[in-house]
A.B. asks: 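Have a look at this one before I ask anything.
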Amino acid sequence: MPDTETARDGLIDAITRLDDGRVRFFTDTLIKKGCASREIHCCLSQGLEHVKNLFEKGEYFIADLIYSGMLCHLSLSLLTDSRRTPETAHKGPILIGVVEKDIHNIGKDIVAGLLSADGFDVIDLGSNVKPRAFVEAIFSYSPALVLMSGMMHFARESMKETIEAIRAAGLRDRVFILLGGGCVDPSILSRMDADAVASDSIDTLNLCNEYISRRRS
Amino acid sequence: MDTLVIGCRTTENELLAAMEACSLRYDISWIEAGLHNVKKKLNQTLQERIDASPDYGRILFATGFCGNAVCGLTAGKAELVFPRVDDCVSFLFGSCRKKLLWNDSYFLTEGWLKGETNIWREYRRSLEKYGEAKTRQIFQVLFAHYRRIALLDTGCYDLDGTLPGAKQIADAFSLDLKVLPVSPDYFRALLTGPWDPARFLVVRPGETVTGADLAVTY
C-alpha cells in the first residue's frame with residue numbers, strides 16, 4: 001500500500017487524468033490510512049483545478065468536465081460510506097435548484113452529487129425553478145442552506161426575485177443562501193441579499209460544511 | 001466615422017446576410033466560437049481586438065453578452081455597441097423573451113454544427129475516450145433537462161443540407177427535433193442603427209463595461 005503522501009498525489013493525478021480505477025484505489029488507500037475528510041476534499045479540489053486548467057487550454061472538453069464531477073462523486077461516496085455514523089450521515093437537509101428561466105443543470109447536478117455523497121440530505125428542485133417553489137420547499141423541508149445556481153445572464157434576476165420571495169415569506173433569516181454558476185461572481189453580493197458566492201463545486205462543498213460546522217458549534 | 005464589426009463564426013452566415021441586405025461593407029474581425037467555453041479567454045480576445053483597432057470610430061459587436069464575458073471591456077477611441085441580449089441565440093430570436101419560450105431546447109444552426117467544439121464532435125470524442133457506457137452516463141447528465149433539438153431556420157444557410165446532421169444528434173440523444181424560424185432583423189438593426197438604449201448598450205470612448213450595464217432586453 002502506498003504511503004499517505006503518495007496516495008494524496010495519486011488521487012490528485014487520478015482526477016486530473018480522469019482515471020476511475022486509480023480514483024477508487026487512492027481514495028480507498030487514504031481511507032484506510034485514516035486520512036481526514038478535509039484532506040481528501042483538498043485532493044479532489046486540486047484535481048478539479050487541473051481539469052479546469054486543461055479545459056481552458058483546450059486539451060479537455062465539456063464531457064471531461066462532467067466526468068471529473070462524476071469521479072469526485074465516486075470518491076466522496078466511498079469516503080462517506082466508510083465513515084457513516086449517525087452524526088456524519090445526516091448533515092441535514094439542503095435545498096438546491098437552478099433558478100427560473102435557466103435549465104443549465106450540469107454544475108448543479110455535480111454539486112448535488114457531491115453534497116449527497118458527503119452526507120447532506122439533498123432536496124434537488126431541478127431546473128427552471130420558480131421562486132414560489134423555493135419558498136414552498138423551505139416551508140416543507142426546513143433546510144439550513146439554500147443553493148441557487150444559474151448560468152444564463154437573466155438567472156441573476158431570477159436569483160434576486162427568489163431571494164425577495166424568501167424574504168417576503170419571512171424565511172430569509174432561517175436560511176444561508178449560497179449562489180453559484182456561471183452567471184455569478186463575488187461582486188454580485190453587493191447587489192443581492194445572499195450570504196456567499198461559490199466559485200466551483202468543491203468550494204460549494206467546503207462553504208456548506210463550514211456553515212454547518214459554525215451552526216453546530 | 002469608420003466602423004468595425006466584431007463577428008462570431010457561429011453566426012457568420014447571419015451577419016454576412018444582414019450586411020448584404022443592408023448594402024454595407026464594414027470590416028469584420030472574426031472570433032472563433034470555441035472561445036465561448038472560457039469566459040476569461042473570450043474577454044481577453046475581445047479586449048485585444050478593441051485595442052488593435054485604434055483607427056475605427058465605432059465597433060459593433062454582433063454577439064450577445066456571452067455569459068457576461070463582455071464585462072470589464074474598456075473602449076479605446078472607438079464607441080462600442082452591443083445588442084442587449086445574453087447570447088447569440090436571443091440575438092437570432094430578436095429578444096430574450098422569445099428564446100425563453102423554447103428554453104428547454106438545445107439550439108443549433110449550420111454555424112454551430114460547423115464549430116470546432118460542436119456537440120456531435122464532443123460525443124464522438126467521448127465515445128473514443130470513454131466507451132459507450134460511460135459516454136451514455138456523461139451525456140445523460142449533459143442533456144438531462146433538454147427536451148428537443150431546435151434547429152433555428154435563419155434563412156441564411158442551407159436548411160435541407162443541415163437537417164440530417166441535426167436529426168442524427170436528436171436521435172442519438174432521444175430528443176425531438178424541431179425547426180424554428182427566426183429572423184436576423186436584430187443583426188440588421190445593429191448594423192444600421194440608430195441604437196435605442198433599450199435594445200443596445202453603447203459604451204463611450206474610454207468607458208468600461210460594468211456588471212450594472214448588462215441589463216438585457218426582454
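Basis for what follows: all heavy atoms, side chains included, without hydrogens, waters or symmetry-related copies. The sequence lines fix the lettering, A, B, ..., with proteins before strands; numbering per chain opens at 1.
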A.B. asks: Does any part of the side chain of B:Leu15, heavy atoms only, come nearer than 4.5 Å to the side chain of B:Trp30, both counted from C-beta?
C.D. replies: yes
A.B. asks: Which side chain or backbone donor-acceptor pairs connect chain B with chain A at less than 3.5 Å?
C.D. replies:
from	atom 1	to	atom 2	distance (Å)
B:Lys39	NZ	A:Gly182	O	3.0
B:Lys41	NZ	A:Glu56	O	2.3
B:Asn68	OD1	A:His153	ND1	2.7
B:Asn103	ND2	A:Lys101	O	2.8
B:Glu122	OE2	A:Ile62	N	2.8
B:Glu122	OE2	A:Ala63	N	2.6
B:Lys129	NZ	A:Asp64	OD1	3.1
B:Tyr130	OH	A:Asp64	OD1	2.5
B:Lys134	NZ	A:Asp20	OD2	3.1
B:Lys134	NZ	A:Tyr67	OH	3.3
B:Val141	O	A:Asn105	ND2	3.4
B:Leu214	O	A:His153	NE2	2.3

A.B. asks: Contact part of B:Ile119 toward chain A, heavy-atom cut-off under 4.5 Å: side chain, backbone, both or neither?
C.D. replies: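 Neither part; nothing is under 4.5 Å.
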A.B. asks: Using the ring pair (Phe, Tyr, Trp, His ring centres under 6.0 Å) definition, which of the options B:Phe200, B:Phe61, B:Trp195 pairs with B:Phe82?
C.D. replies: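 Output: one option passes, namely B:Phe61.
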A.B. asks: Is A:Ile66 close to chain B through its backbone or its side chain, or both, or neither, when contacts mean heavy atoms under 4.5 Å?
C.D. replies: side chain
A.B. asks: Roughly how far, to the nearest 0.5 Å, is the CD1 atom of B:Ile59 from the CD atom of B:Glu79?
C.D. replies: 10.5 Å
A.B. asks: Quick check on side chain to side chain contact (heavy atoms under 4.5 Å, CB included): which of B:Leu191, B:Leu190, B:Asp185 does B:Arg188 satisfy it with?
C.D. replies: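 With B:Arg188 as partner, B:Leu191, B:Leu190, B:Asp185 yield a single side chain to side chain contact (heavy atoms under 4.5 Å, CB included), made by B:Asp185.
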A.B. asks: Is any side-chain heavy atom of B:Leu142 closer than 4.5 Å to a side-chain heavy atom of B:Phe173?
C.D. replies: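 Not in contact.
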A.B. asks: Within the supplied structure, the quantity of interest is the number of heavy atoms (other residues, nucleotides, ligands) at a distance under 6.0 Å from B:Lys114 NZ; does it exceed 12?
C.D. replies: yes
A.B. asks: For B:Leu100, is it the side chain, the backbone, both, or neither that has a heavy atom closer than 4.5 Å to a heavy atom of chain A?
C.D. replies: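 Just its side chain gets close to chain A.
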A.B. asks: Taking all heavy atoms of A:Cys43 and all of A:Leu11, pick out the closest pair and write down the distance.
C.D. replies: CB-CD2, 3.8 Å
